[in-house]
Amino acid sequence: MRAAAFDYHAPSSLDEAVGLLAEHGDDARVLAGGQSLVPAMNSRLARPGHVIDINRIAHAERPHVSAGRLRIPPLMRHVDFDTLAVDGPLGPLMRDVTRHISHLPIRLRGTFCGSVANADPASEWCLATTVLGAEMIARSARRGVRNVLAKAFYESIMTTALADDEMLVEVQIPLLSPFVRYGFHKIARRSGDYGLALCLVVYERDEDEMVKVRVGLGGVEAVPRRLGAVEELLERRQPSRRLFREAADLAAEIADPLVTADGDEAYQRDLTRAVVTRALDRSLEG
Amino acid sequence: MKHVGRSHPRLGDTPFLTGKAGFVGDIALVDQLHMRVVRSPIAFGRLRGIDAAAAFAVPGLVAVWTAEDVAALPPVGFRLAAAPTLEPYCQPVLAVDVVRYVGEPVAVVFATTATAAEDAAELVALDIDLLAPVLTLTGSSRGFEGETRPAEAATVRKAFGDLAGAMARADRVVEVSVGLDRDGAVPGETRGVVARWDGGRDVIEIWGDARLAPANRDALATMLGRPLAGVEINAVAVGGDFGMRGELYPEDVLVAYAARTLERPVRWIEDRREHLIAADQARAMAATAKAAVAADGRLLALDVEFAIDQGAYLRPTGTMVADLTAAMLPGPYRLEAFRAVGRVRMTNRTPAGAYRGAGRVEATFVRERLMDAVAAATGSPPLEVRRRSFLTPEEMPADRHMTTLGVPMTIDSGRYQSLIDQLTKRFSLELVHRRAIDRRAHGELAGVGTAVFVETSAAGKYEHVTLSVDPSGNLELVTTASELGQGLSTLLAQIVADIVGADPERIRVTHGASTRLGDGVGTFLARSSVMAGTAAQYAAELMRDKILAGAEALLEVPRERLTIHSGRIREADRHFGTALELADLARKMLPGGPLAGADGRGLVTEGWVEGEGMTFPYGVAVAVAEIDAMTGLVRVPRVFIGYDVGNAINPALVESQIATGAVQGLSSALFTSLDVSPAGEPLRVGLTDYLIPSATESPSVDVLITEDAPSLTNPLGMKGAGTAGVTGIGAAVAAAIDEALQVPGFTTHLPVRPVAIRNLLRKRSGKSERG
Amino acid sequence: MSRNIRITMEVNGEDRTIVVEARTTLADALREGCHLTGTKTGCEDGVCGACTVLVDGEPIRSCLMFAVQAHGRAVRTVESLSDGITLHPLQVAFHEHHAVGCGYCTPGLLMLTLGALERSPEIDEDEIQRVVAANSCRCTDAHAVVKAVRAAQTAMRAGRE
Ligand SMILES: Cc1cc2nc3c(=O)[nH]c(=O)nc-3n(C[C@H](O)[C@H](O)[C@H](O)COP(=O)(O)OP(=O)(O)OC[C@H]3O[C@@H](n4cnc5c(N)ncnc54)[C@H](O)[C@@H]3O)c2cc1C
Ligand code: FES
Ligand code: FES
């Protein structure tokens, strides 16, 4: 379990980092928290010839808010969300979600942007960015900066729209209105494991009704996805257990599950029903 | 102060707490080479060629060996239960012509660094023609393409009484088909071994697990064609053994042989992936069991056929697991007749060996699932069904009219019903049951299950210890038995402390000492505390005699009036006045000196025990299960275990062994299995896929230790507890799940798959919607 | 840019300069380069936690950090906990609460829980259990470990006062 040999680079700026990516292309990998890349390298499933360690780039840890968006830099770690202070419900939402990611030592190293770039189907952040309409800022030395919407960013299992020479330099998430309610749920075999299924629900309360409903499913399909039909079913309706069951049934029906060693298609639909029900129920708590 | 019976914190924890303990991977010898094994990626195939040319380009590479290079080495033989018919099933140290499981060693690479060895090993190209693998017990009857050895390596048969008669007289016959999936010990530390040839002494020195050092030294010496004195096995700290480690593996032989042949120290440390595909696995079996039940609900007879998935080769334990499974099937019950037929089936899977509770876990699962089926069939409560058929204390010792591992089985003692009653009272289990009923009434899926089991321990031939006092008054007890984290050193020190009158802290236990003691057997089947404990007791008694004799002469006080306390000898009724320090006495009693004692050896004694039969401890496991109806995921928040140890030398150590055993048992019941794909490729190759329960999933385990039935086979009445926690859990969890679902007999296999539970619940809700 | 790199890190209070390959993990560098074998490896996948050490005070998996990444940083391993005479309160508590089995996972658990307690001295029992759940152990009762950490927390608090 020792990685194949590689050349190590420790750029001190983003310019330098994207320059190195341009130079080495698909033979290079960005090393952020290393919590996904290094296991893959140790088992030699990943064997980049060049590793570009971005951990020595200055000022890449702190998020900031501008133009109504939370802007997350490449070295913001999972634990940093424990103390994230932004106006409105986005802060508590991110705090709730990050708590589900693995365990303290992993959370101290693993980064938000690393999770997004890694595109694991069961990643909490991939789901959250999808539901919250995040924009990914990709930068390459040759073509400069471009913005990619979450919807277009996750292409398939562990595959994103990032080109070989592109680095994810920021993720922007629109702040949430004070009327927003949310519910997150994760079903896992053990505490801290990647989820078998995850669901994040976000909506606004307008009098008694739910509006601008967003329901995202993770872990079950190849990429996290918003379930449009379920959102439509819930839109402008009053929350009730009964409606939530109906929504969860619909989610289970329209999901397009991956089949895994531990679960056939029917089981994946069951998990979908369970996780959607519970995320919706959660949205009424607190 | 009396030490036996006290929950003394473990002696010798400090090196583990400070990082000083020396595990095998911590050894680095000057000029050492690193061995890396090239393993078969194919479950079954003909090995056409091996091309190592590319590997030689790696800087630091020293040698690449294939079967031809080790042709002088015989296959790995048997430690137990050998028979000529079994020889075709022994594993060659490197695959010859055929590969039979993913993970089988095919070649080895030696290099100056571990990294270079890994770089080189992946450049060794294997040319293998695929054959159709046999991966399941049902598949193996078809046989293997081109294999000359039969698919069934052995059949174990045990029987007593008139089975046909009992079946004919039965009011009803209840039958179950049940099974267990593969699991393994998967300890914290992977396997490893380091060897060096000391040319000056012509000795191959080996560092590694020394649990079975005497047997392994003999086997290695024979395989390498050396005198026994030409091989030394040195104990190191061991990161969990559980029966998986310690048995001789092909890698051990390769390292020893290479150290001699290459004349450089050689080190092999396995990585986790290798461990999960190549270290001994266990448990996989399937059984059909029938119970003949009388009109009054008592058991008349058991008739069981089972098959064990042995994997590709037999391990040094031979057919031990099958033998023990068969022998332990009757458990605590009175039977007029019994028959067990156990088939040892070969498959293209990793070889199976022993794992904590070997044979007892399997037997308990089959038998207790059957007892629950009897309860369902007769409409009686599960505990009532068991109570009716327990052997009673009056029937002990009870001759089982069988042998296991060559030893006649006589259940020495046991008060089974009493243990259930005490456990029930102690932890208010009535309330636990009532709460589950109440929760079910509220629509939750909660249940409680119970399993009763009989254990066995001390199946050893003999054990030998020496005890000495040094001129500073420190004691040393030397044993070949091993400390594997079970607290053996502490137990032995407590026993010696009481008898000799010394503080346990002054007693150093040197374990796994095959180089210092020529004999002894080692640690298996929960035998250490019993065998080594008894030997230690004998040695300590002799030591006390010697000390008192010496003190009598020095103090001129008759020995009857002397006491020894914390290493001080003084007159019993005098709390003041002169006392003799053990250190002073030891200096006066040096060998050759005037007071050296009748044997002239000074304060050195030996303790020797010979196998005095097996002892049969017993226990009860109770598990609470909760099922999440929407996901089929099972949680076991609480487990209760009652266990009779005969004599609890250190109750806290026994409790902790039982609690950790229970978590391992729970792991196999709910979380861990070593599955393969349809092509035979292992699916659990890392700890990301092999789900060891964490603090969050570990149930709280309440343990009741009783000392109601001391063993008659040893003077301290000890019974051993190493496997007690693990044995009954699977069966108890299965019963709890059945109760939660209100479907008797639902859980036929472990681990329980959430998918299976959901399939049931889905069908059920479909019906209720229609109805 | 190179494959063999000279690094300097502070290890248990002392500056250590060693040459490592870029691919050498911090775990291997500590064990092989610094001869501090108290740190163990059990999976090299980030799961088991046997390799947990503190880097700049944070408990992290040393199998998932390359040694070059620790250049200029302060690393603490299990060897730093005791001067050989007195044990750290966590070590004492593990001993007294029967929280050591085979001892292979012990260094990792000690550094994990030390790091957690140094970050948040007042975490409650549930939180301690969540922390302990980060590392796997095959032979101690996890609840005994949680109890030990609770006891150590009290002792450490008394020590601070
Ligand atoms: C035991 C364990 C349990 C875990 N459990 C969970 C879990 O429950 N949920 C979960 O979501 N995650 C889990 N993870 C993964 C963890 O969250 C990782 O930290 C995360 O997925 C990747 O982040 P990283 O910063 O470590 O990225 P790295 O491992 O450094 O990189 C991951 C990939 O992303 C690329 N990359 C990283 N940053 C950038 C960038 N800025 N631009 C372009 N490419 C980039 C890398 O090149 C690499 O391909 C677990 C990890 C471990 C070891
Ligand atoms: S070795 Fe680092 S987590 Fe297991
Ligand atoms: S004490 Fe053995 S793995 Fe934890």
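Side chains included, hydrogens not; waters and symmetry mates left out as well; all remaining heavy atoms used. Chain A is the first sequence line, chain B the second, and so forth, proteins listed ahead of strands; every chain is numbered from 1.
Within a 6.0 Å sphere centred on CZ of C:R160, other residues, nucleotides and ligands contribute more than 12 heavy atoms. Dense packing is recorded around CZ of C:R157, with more than 12 heavy atoms of other residues, nucleotides or ligands lying under 6.0 Å away. Atom NE2 of A:H59 is surrounded by 12 or fewer heavy atoms from other residues, nucleotides or ligands within 6.0 Å. The neighbour count for C:E14 CD, taken as heavy atoms of other residues, nucleotides or ligands under 6.0 Å away, does not exceed 12. Other residues, nucleotides and ligands place more than 12 heavy atoms under 6.0 Å from the CZ atom of A:R95.
The most heavy-atom pairs under 4.5 Å with chain C, out of A:G192, A:G33, A:A4, A:A40, come from A:A4. Considering only heavy-atom pairs separated by less than 4.5 Å from chain C, the leading option among A:L31, A:V79, A:L37, A:D193 is A:L31.
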Tell me, with the steps shown, if C:F66 and A:D53 meet side chain to side chain contact (heavy atoms under 4.5 Å, CB included). CA-CA 10 Å; C:F66 293 115; A:D53 177 6; over 6 Å; no

Take A:R56 and C:H71 through the side chain to side chain contact (heavy atoms under 4.5 Å, CB included) test and state the conclusion after the steps. CA-CA 11 Å; A:R56 294 188 192 264; C:H71 175 68; 3.8 Å; yes

Going through the distances and angles, do A:Y8 and C:Q69 end up as a side chain to side chain contact (heavy atoms under 4.5 Å, CB included)? CA-CA 10 Å; A:Y8 175 77; C:Q69 298 185 272; 4.1 Å; yes

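Atom CD of C:E44 is separated from atom CG of A:N42 by 6.0 Å, given to the nearest 0.5 angstrom. To the nearest 0.5 Å, atoms NE2 (A:H103) and CG (C:L112) are separated by 9.5 Å. Between the CE atom of A:M1 and the SG atom of C:C43 there is a distance of 7.0 Å, given to the nearest 0.5 Å.
For C:A116 against A:L104, the heavy-atom pair with the smallest separation is CB-CD2, 4.0 Å. Considering every non-hydrogen atom in both A:V38 and C:L64, the closest pair reads CG2-O, 3.5 Å. Scanning both residues, C:R61 and A:P105, for their nearest heavy atoms gives NH1-CG, 3.6 Å.
A salt bridge does not link A:R99 to C:E127: none of the charged side-chain nitrogens sits closer than 4.0 Å to a carboxylate oxygen.
Contact of A:L20 with chain C is not made at all, since no heavy-atom distance falls under 4.5 Å. Heavy atoms closer than 4.5 Å to chain A are found in the side chain of C:T25, but not in its backbone. Looking at A:L108, the atoms closer than 4.5 Å to chain C (heavy atoms on both sides) sit in the backbone and in the side chain alike. With a 4.5 angstrom heavy-atom cutoff, C:R130 touches chain A only via backbone atoms.
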